[in-house]
Amino acid sequence: MTQARAIKIAPSILSADFADFGREIAAIESQGADWVHVDVMDGHFVPNLTFGPPLVKAIRRHVTTVMDVHLMIAPVDPFIDAFAEAGADIITAHLEAGPHIHRTLQAIRGTGKKAGLALNPGTAVEAAAPLLDLCDLVCVMTVNPGFGGQKFIHSQIDKVRSLHAMIGDRPILVEIDGGVTPETAPLVAAAGADVLVAGSAVFSGGSVANPAPYGANIRAIRGAAEAARV
Ligand code: DX5
Ligand code: ZN
């Protein structure tokens with residue numbers, strides 16, 4: 001069962017120094033990050049812009065753990081090969097990004113990468129049911145995607161619980177993205193979360209010159225989550 005799996009912490013580099021991604025990634029990995037979460041935004045599916053495949057490719061060589069690429073873009077399908085070639089380990093697409101999410105997940109799997117499905121806060125968990133067997137990960141958005149530093153939406157905790165039950169024994173990770181802090185991490189961990197994405201709560205107070213706060217922040221989130229696991 002998923003409860004036996006350790007919690008993974010995936011810092012989002014959306015909260016890192018954009019002029020220094022290489023050293024920021026080295027800093028979070030040396031401070032205990034399990035994965036590196038990369039937020040790709042297109043100014044269309046979400047009201048913010050970040051970066052595309054060339055930057056993801058450039059930072060790939062700095063990642064020694066797992067590169068978890070969260071695509072907040074529409075359309076998705078024309079870009080899947082480029083993000084796969086850029087070195088993503090996991091490629092997550094949004095259910096809401098177009099009418100053919102089933103095809104999108106098939107295409108991600110077709111590249112040999114792990115496939116993730118993200119659900120916006122306004123999307124019912126039941127929408128994921130016909131797609132689960134194409135997923136290695138389901139990401140429950142606990143904020144509306146587009147920006148770091150937003151407030152956790154508590155109504156999503158029930159969605160996490162339902163998703164965890166729907167998944168059962170299948171090897172599918174439940175990821176939480178948005179507003180994760182030492183206060184909210186236990187709520188989702190108790191509901192069945194496996195991977196916690198955290199941007200502002202990991203990067204606050206630290207820097208590449210002073211990375212120890214990153215480690216303290218990661219340990220605080222992990223400790224609170226693991227204590228709440230059933
Ligand atoms: C939001 C992004 C998140 C974001 C989380 O659209 O998908 O990954 O960086 O940031 P925090 O942890 O600050 O809410
Ligand atoms: Zn994200």
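Position 1 is the first residue of the sequence; numbering continues from there. Below, each value reflects all heavy atoms present in this structure, side chains not excepted, and no hydrogens, waters or symmetry copies.
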Residues forming a salt bridge (Lys or Arg N to Asp or Glu O under 4.0 Å) with Asp77, sequence neighbours excluded:
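Residues passing salt bridge (Lys or Arg N to Asp or Glu O under 4.0 Å) with Asp77: none at all.
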Spacing of [atom1] belonging to [X] relative to [atom2] belonging to [Y], to within rounding of 0.5 Å:
| X | Y | atom1 | atom2 | result |
| --- | --- | --- | --- | --- |
| Thr181 | Lys151 | OG1 | NZ | 10.0 Å |
| Cys135 | Ile167 | SG | CD1 | 8.0 Å |
| His102 | Leu95 | NE2 | CG | 11.5 Å |
| Phe83 | Arg60 | CZ | CZ | 14.0 Å |
| Ile25 | Arg61 | CD1 | CZ | 10.0 Å |
| His62 | Ile28 | NE2 | CD1 | 12.5 Å |

Any idea which heavy atoms bring [X] and [Y] closest together, and the distance?
| X | Y | result |
| --- | --- | --- |
| Gly146 | Val46 | CA-CB, 4.0 Å |
| Ala97 | Ala74 | O-CB, 3.3 Å |
| Leu187 | His154 | CD1-CE1, 3.6 Å |
| Ala189 | Ala228 | CB-CB, 4.4 Å |
| Asp177 | Cys139 | CB-SG, 3.6 Å |
| Ala27 | Pro211 | CB-CB, 4.0 Å |

Count I, L, V, M, F, W, Y as connected when their side-chain heavy atoms are under 4.5 Å apart, and connections chain through other members. Are [X] and [Y] then in the same cluster?
| X | Y | value |
| --- | --- | --- |
| Ile7 | Val197 | no |
| Val63 | Leu71 | yes |
| Val36 | Leu55 | yes |
| Met166 | Ile157 | yes |
| Val40 | Phe45 | yes |

Phe18 vs Phe21 aromatic rings, parallel, tilted or perpendicular, using cut-offs 30° and 60°?
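Judged by the thresholds at 30° and 60°, the geometry between Phe18 and Phe21 is tilted.
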Can you list every pair that meets ring-ring contact (aromatic ring centres under 6.0 Å, His included) and has a residue in residues 192-222, with sequence neighbours left out?
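For residues 192-222, and leaving out neighbouring residues, the ring-ring contact (aromatic ring centres under 6.0 Å, His included) pairs sorted by first residue read Phe203-Tyr214.
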Can you tell me if Phe51 has over 12 outside heavy atoms packed within less than 6.0 Å of its CZ?
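Yes, because the 6.0 Å sphere around CZ of Phe51 holds more than 12 heavy atoms from other groups.
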Decide, yes or no, whether a salt bridge links Asp68 with Lys8 under the criterion of side-chain N to carboxylate O below 4.0 Å.
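Looking at Lys8 together with Asp68, the answer is no, because their closest N to O distance does not fall below 4.0 Å.
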Asp194 bridged to Arg229 by N-O distance under 4.0 Å:
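Here Asp194 pairs with Arg229 in a salt bridge, since their nearest N and O are under 4.0 Å apart.
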Return yes if a side-chain donor-acceptor contact under 3.5 Å exists between Asp39 and Thr50, otherwise no.
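Absent: no donor and acceptor within the cut-off.
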With sequence neighbours left out, write down each residue that passes side chain to side chain contact (heavy atoms under 4.5 Å, CB included) with Ala185, or none if nothing qualifies.
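Checked Ala185 against side chain to side chain contact (heavy atoms under 4.5 Å, CB included); matches are Val180, Leu196, Ile221, Ala225.
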Do Lys159 and Arg161 pass the side chain to side chain contact (heavy atoms under 4.5 Å, CB included) test, and can you show the C-alpha distance, the side-chain angles, and the key distance before you say yes or no?
CA-CA 5 Å; Lys159 187 190 284 184; Arg161 195 173 292 113; over 6 Å; no
Between Gln156 and Val188, is the side chain to side chain contact (heavy atoms under 4.5 Å, CB included) condition met? List the steps.
CA-CA 9 Å; Gln156 301 307 300; Val188 288; over 6 Å; no
For [Y], is there any backbone N or O sitting under 3.5 Å from a side-chain donor or acceptor partner on [X]?
| X | Y | result |
| --- | --- | --- |
| Lys57 | Gly87 | no |
| Asn217 | Pro213 | yes |
| Ser15 | Ser200 | yes |

Quick one: does Val38's side chain get under 4.5 Å of Ile13's, heavy atoms only?
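A side-chain contact under 4.5 Å exists here.
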Sub-4.5 Å side-chain heavy-atom contact between Val195 and Ile176
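Not touching, per the 4.5 Å side-chain cut-off.
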How far apart are the C-alpha atoms of Leu14 and Met41, what are their side-chain angles, what is the distance that settles it, and do they pass the side chain to side chain contact (heavy atoms under 4.5 Å, CB included) test?
CA-CA 10 Å; Leu14 188 62; Met41 304 186 185; 3.6 Å; yes
Applying the side chain to side chain contact (heavy atoms under 4.5 Å, CB included) criterion to Ile90, which one of Asp136, Ile108, Val69, Val66 satisfies it?
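Between Ile90 and the candidates, side chain to side chain contact (heavy atoms under 4.5 Å, CB included) is satisfied uniquely by Val66.
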Mind checking who shares a hydrophobic cluster with Val143, ILVMFWY linked at side-chain heavy-atom distances under 4.5 Å?
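Members alongside Val143: Met141.
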Please table the atom pairs, donor to acceptor, closer than 3.5 Å between any side-chain atom in residues 114-134 and protein atoms at least two apart or in another chain.
residue : atom : partner : partner atom : Å
Asn120  : OD1  : His94   : ND1          : 3.3
Asn120  : ND2  : Glu96   : OE1          : 3.4
Thr123  : OG1  : Glu96   : OE2          : 2.5
Asp133  : OD1  : Arg170  : NH1          : 3.0

Residues Val140, Glu175; criterion side chain to side chain contact (heavy atoms under 4.5 Å, CB included); working and verdict:
CA-CA 6 Å; Val140 176; Glu175 181 177 74; over 6 Å; no
Quick test of your reading: applying salt bridge (Lys or Arg N to Asp or Glu O under 4.0 Å), list the pairs with at least one residue in residues 18-38, sequence neighbours left out, ordered by first then second residue.
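Output for this query lists Asp20-Arg23, Asp34-Arg222.
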